[in-house]
Colleague: 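Would you mind keeping the following structure in view while I ask a few things?
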Amino acid sequence: MATKARVMYDFAAEPGNNELTVNEGEIITITNPDVGGGWLEGRNIKGERGLVPTDYVEILPSDGKDQFSCGNSVADQAFLDSLSASTTQASSSAASSNHQVGSGNDPWSAWSASKSGNWESSEGWGAKPDGAGAQRNTNTPDNWDTAFGHPQAYQGPATGDDDDWDEDWDGPKSSSYFKDSESADTGGVQRGNSRASASSMKIPLNKFPGFAKPGTEQYLLAKQLAKPKEKIPIIVGDYGPMWVYPTSTFDCVVADPRKGSKMYGLKSYIEYQLTPTNTNRSVNHRYKHFDWLYERLLVKFGSAIPIPSLPDKQVTGRFEEEFIKMRMERLQSWMTRMCRHPVISESEVFQQFLNFRDEKEWKTGKRKAERDELAGVMIFSTMEPEAPDLDLVEIEQKCEAVGKFTKAMDDGVKELLTVGQEHWKRCTGPLPKEYQKIGKALQSLATVFSSSGYQGETDLNDAITEAGKTYEEIASLVAEQPKKDLHFLMECNHEYKGFLGCFPDIIGTHKGALEKVKESDKLVATSKITPQDKQNMVKRVSTMSYALQAEMNHFHSNRIYDYNSVIRLYLEQQVQFYETIAEKLRQALSRFPVM
């Protein structure tokens, strides 16, 4: 009997991509339950066949009734089927090949452990604010206009084995940052959390090395910190603690988006060419590879450094030229931001993402990054401030100052985004229409005057007609102008909105550490920790404070540069815009006869 499934979410097929449009509540027949890559092949009641995301449907039992108690999806069923098949195949050697539940070799042990725990329990690692709306600043340095030579690029990691990650799609998301900002500011869907698609879930940070213990205790109460090979020095400069910047910096050019395919052409994707300016050697990456990098950076550095989210995934329209251009623009801005950070840009995981030479090197580096134990709060164990320890009062004051400023800036950025959004809508809607109405009214008036039959008004009528056309031209200029100036200001603000959305968790981590240190006297009194343990805690929370101050100095220097650049650009474009309008009005005026 053919397997039936109920569609749980609407899905619009991408034209020319062998997909099937389905609607919520529809019953389809599954013709191939596991095509691969998170897709199945199904047939609707019209007899149309095509691919549907496995997590968009749930299997119906053989009697055709819904499985309210189980709700197994096709993905679950496919897994159970494969598990059953592998168990049967291995039955002859079960004693030697089966893994004990909870053993170190069990690939599901971490997953099982994370299910029983609370992903939200760790201090500073609650639900991440929406950074997907944090779209990127498209103002690029002048040297980015240079034409870089792109040698034959390595085509990226193969799709298969343990590297066959989730497909490059997710729940539908508009590419318009206005809609993004509206949903973000009203508690809309947050990237990394549950969405309409059941395929996405929040990153279970406690399944990663470095998150085995809740809160900051793992770092503060460690008996002895291992001496890692990687060290992150913090020095005191003219403006206070700061990261050590590399002697030579680099950017990364994201370009040449190309459509690729897999599964014998059944599935398509877009890959981008990345060219670091310091090597001029290109590698190719798909969006999901960027997503992997984002997750690794978040897990490793997120307790100390704000890591804004990538632009969102998208199902419908993901191969349209406008969407590809916008995504590439925002990936470019995200990569530029990462390249500008002295810690991120020099990290092993980031360098490996840009400089791998073949598939073997990529997989080796990927697995190494995923086993990195210096993640979460343990990243502070790699930091070495070249300065005396701070006292608790000063540490608390610095933390409060950072929290107060970032909250105030977040409010200011959101206000500017709201005003900018309203202005954009006005410039692309009502305002051009008003100019068009003026233009048409003037031309209508000239037509009426021309019907008078009076011989001496031809010059006036022609002038009025041209004035009307001028106002229609002004309408077009007004409608196009936001793309030339407001666009960049909005993108910059969205980028900083993403950064600022990371600070509540960072501040929460630091405040949690301070509270633990304040409790240390009681712990010493009850012999739960030794006086030496307390001394270590004070020293380590001081290290955390130096890291926070170093990051804020980096943040401020970038903020000053970015807003100076983007507002200058905005004003320059506005001056040029109004000068163009003034010149057109002068030309229209010159046509009127002098009486």
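Worth knowing before you read on, the calculation uses all heavy atoms, side chains too, and leaves out hydrogens, waters and symmetry mates.
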Colleague: Please determine, by modelled atom types, if D410 and Y496 share a side-chain donor-acceptor pair under 3.5 angstrom.
Modeller: no
Colleague: Quick one: salt bridge (charged side-chain N to carboxylate O under 4.0 Å, His left out) pairs with a partner in residues 563-572, sequence neighbours left out?
Modeller: R568-E572
Colleague: Distance only, no hydrogens: is a donor on one side chain within 3.5 Å (strictly under) of an acceptor on the other, for W292 and E370?
Modeller: yes
Colleague: When you check the side-chain N and O atoms of R286 and H289, is any donor under 3.5 Å from an acceptor?
Modeller: no
Colleague: Do the ring centers of Y561 and H556 come within less than 6.0 Å of each other?
Modeller: no
Colleague: Only counting residues at least two apart or in another chain, list the ones meeting side chain to side chain contact (heavy atoms under 4.5 Å, CB included) with L585.
Modeller: T470, Y471, I474, I581
Colleague: Do T31 and E41 have side-chain N/O donor and acceptor atoms under 3.5 Å apart?
Modeller: yes
Colleague: With a 6.0 Å cut-off on the ring centroids, do F503 and F555 count as close?
Modeller: yes
Colleague: Listed by chain and number, what are the side chain to side chain contact (heavy atoms under 4.5 Å, CB included) partners of E48, not counting sequence neighbours?
Modeller: L20, N44, K46
Colleague: With rounding to the nearest 0.5 angstrom, report the CD to OH distance, Q481 to Y578.
Modeller: 8.5 Å
Colleague: Say whether, by atom type as modelled, one donor and one acceptor occur between the side chain of R281 and the main chain of N355 under 3.5 angstrom.
Modeller: yes
Colleague: If we ignore hydrogens and angles and just use 3.5 Å, is the side chain of N564 paired with the main-chain N or O of I560 as donor and acceptor?
Modeller: no
Colleague: Do NZ/NE/NH1/NH2 and the carboxylate oxygens of E491 and R330 come within less than 4.0 Å?
Modeller: yes
